[in-house]
**Q** 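Have a look at this one before I ask anything.
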Amino acid sequence: MNIEEKIELIQEGTLEIIDVDELKEKLEKEHPIAYTGYEPSGKIHLGHAVTIMKLKQLQDLGFKIKILLADYHAFLNGKGTVEEIAETAEYNKRCFQGLGLADDTEYILGSSFQTGSEYTNDVYQLATLTTLKRAKRSMDQVSRHDDNPKVASVVYPLMQTADMSALEVDVALGGMEQRKIQMLARENLPRIGKEAPVCIHTPLIHGLDGDDKMSSSKGNYIAVDDDEKTIKDKIKKSYCPMGETEGNPILEIADHFVFSQQDTLLIERPEKFGGNLELNKDELYTMYGEENLHPMDLKNAITQYLIDFLKPVREFMESQE
RNA sequence: CCCGACUUAGCUCAAUUUGGCAGAGCGUUGGACUGUAGAUCCAAAUGUUGCUGGUUCAAGUCCGGCAGUCGGGACCA
């Protein structure tokens, strides 16, 4: 596979690559490093899984993958005590493994290096280069809501910047909510004499309730280790307007998790409603948009697909207990 | 360190000048209507009133102490 073909693959399902020419250079390396950081979270859901799927693809293309279990970041963001977060991080690691990342994926706990002297120096350097306004703004989509925002919330993006240097990453992958932090990092790293990584952003998927963002705090997610019944119940209750192809969480799940794995989706429906269908992505969107496919039939198909898709994750997690 | 204000359901807030059964909206849950969900309609659940001591027949309400948050003042050789 040549570099152009690789780039085409990487672009699938991403909103932006900043920038593509730099990515070409990175792809000439033997084993470029790609990283994503996750705040340890009580549940790993399909939103997280969008980025994990992309990391798996990068892995197949020869990247070395580093996953930052960002325990300090979670701590700074008010998610609990360091001890609680460490436990959650261990659980999250199993979720990521269960989603199929290769065994040589490196899982790194933030606290294992984020107090080092060189690292700390980087953070202080960055602190002198970053205005409060800019740092706060970068946290718009990331910061947990707080009526009394703490200094911690502006240290957060500086640490995320320093992470990229400390982990020697070539590519930083994240959901679109990370964009402002990543852009700040790209701007500041050269100013402290470090190289900025290529930034790749994936779309956020809508919550099952139709909310802008699937998030563990809102309970509008499907967790990667949800069991069959839970998946059924959650999809059944999901927002899914007839004919609506924008902001429809069920179609988004089809997009990111079905059509990234296979070309067509089998939709089983009773004869009286037209009988079974096998549709590719374009056909599905067209047919749904024209109201020729009922939401319930779509939901049933996605429910069954997700049950099968997440089954190995669940089994892996159980085998680890 | 000093002064003041605030703290009530998951969230936002009510609860009369003058102590008398702690409420609403939103959210949540259930039902109706739809071959899904939502919208709409109907119904239901939910409280250590920040903690603590006191006054009183009776305290969310009055008094004392503590804590948290916010604001101001003071300190600045």
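So you know, we letter chains A, B, ... as the sequences are listed, proteins then strands, and number each from 1.
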**Q** In whole Å, what is the span from the NE2 atom of A:H294 to the P atom of B:U36?
**A** 5 Å

**Q** To the nearest Å, give me how far apart CG (A:D209) and P (B:A37) are.
**A** 15 Å

**Q** Between the protein and nucleotides 38-41 of chain B, which nitrogen or oxygen pairs come in under 3.5 angstrom?
**A**
none

**Q** Nearest-Å distance, NZ (A:K234) to P (B:U28)?
**A**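 Rounding to the nearest Å, NZ of A:K234 and P of B:U28 are 15 Å apart.
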
**Q** Select base, sugar-phosphate, or nothing to describe what A:K299 touches, counting heavy atoms under 4.0 Å on all strands.
**A**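 Base, at least one base atom sits under 4.0 Å.
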
**Q** Give one of base, sugar-phosphate or nothing for A:N300, where a contact means two heavy atoms less than 4.0 Å apart.
**A**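 The answer is nothing, as A:N300 stays clear of every strand by at least 4.0 Å.
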
**Q** Please measure how far the P atom in B:U49 lies from the corresponding atom in B:G23, and state the result in whole Å.
**A** 14 Å

**Q** To the nearest Å, give me how far apart NZ (A:K218) and P (B:U28) are.
**A** 13 Å

**Q** Rounded off to whole Å, could you give me the CG-to-P distance for the A:D233 and B:A37 pair?
**A** 12 Å

**Q** For nucleotides B:A59 and B:G20, find the distance between their C1' atoms and express it as a whole number of Å.
**A**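 The same atom, C1', in both gives a distance of 10 Å.
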
**Q** Test A:K234 against every option in A:I222, A:N220, A:T303, A:L306 by the side-chain contact (heavy atoms from CB on, under 4.5 Å) rule and name the one that passes.
**A** A:I222

**Q** Determine the Euclidean distance between corresponding C1' atoms of B:G25 and B:A9; express it in Å to zero decimal places.
**A**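 Taking atom C1' in both B:A9 and B:G25, they lie 12 Å apart.
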
**Q** A:D211 has an atom CG; how far is it from atom P of B:C11, in whole Å?
**A** 18 Å

**Q** Please tell me whether A:N280 and A:T264 have a donor and an acceptor in their side chains that are separated by less than 3.5 angstrom.
**A** no

**Q** Would you mind reading off the distance between A:I302 atom CD1 and B:U36 atom P, rounded to a whole angstrom?
**A** 18 Å

**Q** Sticking with atom P, work out how far B:U55 lies from B:U61, rounded to a whole angstrom.
**A**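 It works out to 15 Å between them.
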
**Q** Would you say the side chains of A:Q160 and A:Q178 form a donor-acceptor pair under 3.5 Å?
**A** yes

**Q** On a whole-Å scale, what distance lies between the C1' atoms belonging to B:C11 and B:U46?
**A**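 Between the two C1' atoms, the distance is 13 Å.
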
**Q** Say you draw a straight line from CG of A:L284 to CG of A:L251; how long is it, rounded to the nearest 0.5 Å?
**A**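 Between atom CG of A:L284 and atom CG of A:L251 there are 5.5 Å.
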
**Q** How long is the line joining CG of A:N220 and P of B:U28, in whole Å?
**A**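 Interatomic distance, CG of A:N220 to P of B:U28: 11 Å.
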
**Q** Please determine, for B:C21, whether a Watson-Crick or G-U wobble partner exists with both distances under 3.5 Å, and give it or none.
**A**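 Its partner is none (no Watson-Crick or G-U wobble pair with both distances under 3.5 Å).
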
**Q** Considering only heavy atoms from C-beta outward, does the side chain of A:K24 approach that of A:E4 to under 4.5 Å?
**A** yes

**Q** Given side chains that start at C-beta, do those of A:I7 and A:L27 come closer than 4.5 Å, heavy atoms only?
**A**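 Yes, close enough: below the 4.5 Å cut-off.
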
**Q** Work out how far the P atom of B:C41 is from that of B:G27, and round it to whole angstrom.
**A** 12 Å

**Q** Given the C1' atoms of B:A15 and B:C21, what is the spacing between them in whole Å?
**A** 13 Å

**Q** Heavy atoms only: give me the nearest A:A254-A:I302 pair and the separation to one decimal.
**A** CB-CD1, 3.7 Å

